[in-house]
Amino acid sequence: MKLWGGRFTKPTNQLVEEYTASIGFDQRLAEEDIRGSMAHVRMLGACGILTEEETKTILSGLETIRERIHRGEVSFSVENEDIHMNIEKLLIEEIGPVGGKLHTGRSRNDQVALDMHLYVRHQTVELVRLLVGVQEALIAQAEAHVDTILPGYTHLQRAQPVRLAHHLLAYVSMFQRDIERLIDSYKRVNISPLGAGAIAGTTFPIDRHMVAEELGFDEIYDNSMDAVSDRDFLVEFLSIASLIMVHLSRLSEELILWSSEEFGYIELDDAFCTGSSMMPQKKNPDVPELIRGKTGRVIGHLVALLTALKALPLTYNKDMQEDKEGVFDTVDTLTGALALTAPMLSSMKVNVEKMRENAQSGFANATDLADYLVKKGLPFREAHEVVGRLVLHCLEQGKTLTDCELAEFKAASPLIEADVYEAIQLERVVDARNISGGTGRQAILAAIEDKKSKIDETHTWLDHVIS
Ligand code: ARG
């Protein structure tokens with residue numbers, strides 16, 4: 001007999017049962033569902049809607065079911081459709097008909113919304129924790145490589161030399177924005193929908209604030225129709241997750257490129273690579289490749305949910321059941337990627353010489369020679385032209401700017417003097433960019449301190465937040 005069977009004259013078609021059931025995936029919400037039910041029952045007791053005896057019986061029944069689920073003793077059934085009705089059925093089996101009082105003043109519509117709020121709140125906090133871990137791994141490498149210089153690229157062509165720390169800190173900044181987005185979204189997640197009932201509230205004199213407080217919510221939804229049909233918080237979660245994956249994917253792409261023989265900038269630790277079944281020499285960067293590859297599915301989940309919601313009339317529609325698998329898969333994908341990225345970064349070896357060689361062997365100091373001429377009074381546009389011609393000359397001769405004789409410099413522009421060699425020397429070039437946000441040594445040291453204090457702020461948030 002179905003929990004909602006009263007109005008029906010026939011059993012459900014078997015295929016319909018399988019098609020509409022969500023228990024296959026929403027059993028992941030068992031803990032949240034029981035926590036929510038316990039808070040609801042305590043409130044019903046406190047408001048005199050259930051007797052003290054009934055309240056105690058239902059609470060201990062729920063506790064027993066929670067333990068049985070933890071011990072793996074429970075098998076959920078498709079006939080009971082979803083986690084909410086499975087647990088209610090188990091409760092009634094456990095404590096008898098009084099278990100049927102659990103659902104007083106509640107609907108699965110506000111119940112499922114509550115479960116998802118609890119679930120996403122916890123995952124939001126866990127993602128912040130993992131992101132800080134990645135930031136810390138990046139900062140540690142940055143501190144070890146303040147004086148490692150490599151070419152910075154635009155269009156994947158050597159552009160200007162930068163400190164490796166500067167390059168890594170760019171990712172710390174990206175992940176900082178991700179953390180701030182998650183922290184900001186938390187306040188839209190941490191709202192209780194319970195008490196909205198199916199759509200319009202309930203006739204019982206329940207205390208919505210009491211449940212909200214017990215579950216650690218900051219406030220309650222102020223409109224019951226919004227409460228049961230709002231999935232914005234899931235869209236926001238998937239959107240933030242997509243952007244984090246995009247950031248991880250860009251980082252992964254660089255790790256893949258940099259560990260190629262062509263670049264030879266880094267070597268990923270053996271523990272984070274895999275081999276080829278045919279080619280004995282191969283050591284493949286599968287982990288960053290998979291992170292890059294899995295980014296598509298997370299973005300897909302965001303698009304799928306937006307599409308599912310776009311034409312839904314108020315309020316609850318069964319389409320909304322489609323919100324779950326994408327969110328769960330996103331959590332798994334992102335958690336896996338973040339958990340691997342931190343140790344992969346900490347354990348990678350940097351080929352300092354190769355980076356320096358590439359920074360030196362090209363024309364990454366060409367802008368500096370132009371700036372040198374500008375400081376001697378030449379308009380920048382003319383300086384650009386002079387240096388361009390000199391670069392062409394060097395390419396023909398197979399040399400770099402630093403290899404040029406003073407006479408060659410003079411032939412390019414009489415403004416150039418012997419001090420040019422110092423002006424285009426690698427460290428000088430890098431440290432000439434000491435403005436804040438630049439790649440100069442002092443600027444980098446200040447940036448590291450700044451990021452560390454942001455990390456401290458995140459830890460303080462993590463220490464106090466309810467998850
Ligand atoms: N399994 C449903 C879901 O995930 C729970 C809510 C069902 N509500 C309903 N009125 N059928 O959305």
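Every number for a ligand or one of its atoms is a count from 1 in the order of the listing. Hydrogens, waters and symmetry mates are skipped; everything else that's a heavy atom, side chains included, is used.
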Anything under 3.5 Å between an N or O on ligand 1 and a protein N or O? List each pair with its distance, or write none.
{"residue": "ligand 1", "atom": "1 (N)", "partner": "S22", "partner atom": "OG", "Å": "3.1"}
{"residue": "ligand 1", "atom": "1 (N)", "partner": "D82", "partner atom": "OD2", "Å": "3.1"}
{"residue": "ligand 1", "atom": "1 (N)", "partner": "Q321", "partner atom": "OE1", "Å": "2.9"}
{"residue": "ligand 1", "atom": "4 (O)", "partner": "K324", "partner atom": "NZ", "Å": "2.6"}
{"residue": "ligand 1", "atom": "8 (N)", "partner": "N109", "partner atom": "OD1", "Å": "2.9"}
{"residue": "ligand 1", "atom": "10 (N)", "partner": "N109", "partner atom": "OD1", "Å": "3.0"}
{"residue": "ligand 1", "atom": "11 (N)", "partner": "R108", "partner atom": "NH2", "Å": "3.4"}
{"residue": "ligand 1", "atom": "12 (O)", "partner": "Y316", "partner atom": "OH", "Å": "2.5"}

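Under a cutoff of 6.0 Å and an axis angle of 45°, R188 and F237 do not form a cation-pi pair.
Crowding of K310 atom NZ: a count of heavy atoms from other residues, nucleotides or ligands under 6.0 Å not exceeding 12.
The pair K452-E143 counts as a salt bridge, with a side-chain nitrogen and a carboxylate oxygen less than 4.0 angstrom apart. Between R68 and E94, at least one side-chain nitrogen of the basic residue sits less than 4.0 Å from a carboxylate oxygen of the acidic one, meeting the salt-bridge criterion.
Of the inter-residue distances, the one linking E325 atom CD with F25 atom CZ reads 4.0 Å to the nearest 0.5 angstrom.
Remark: aromatic rings of F233 and H117 are close, center separation under 6.0 Å.
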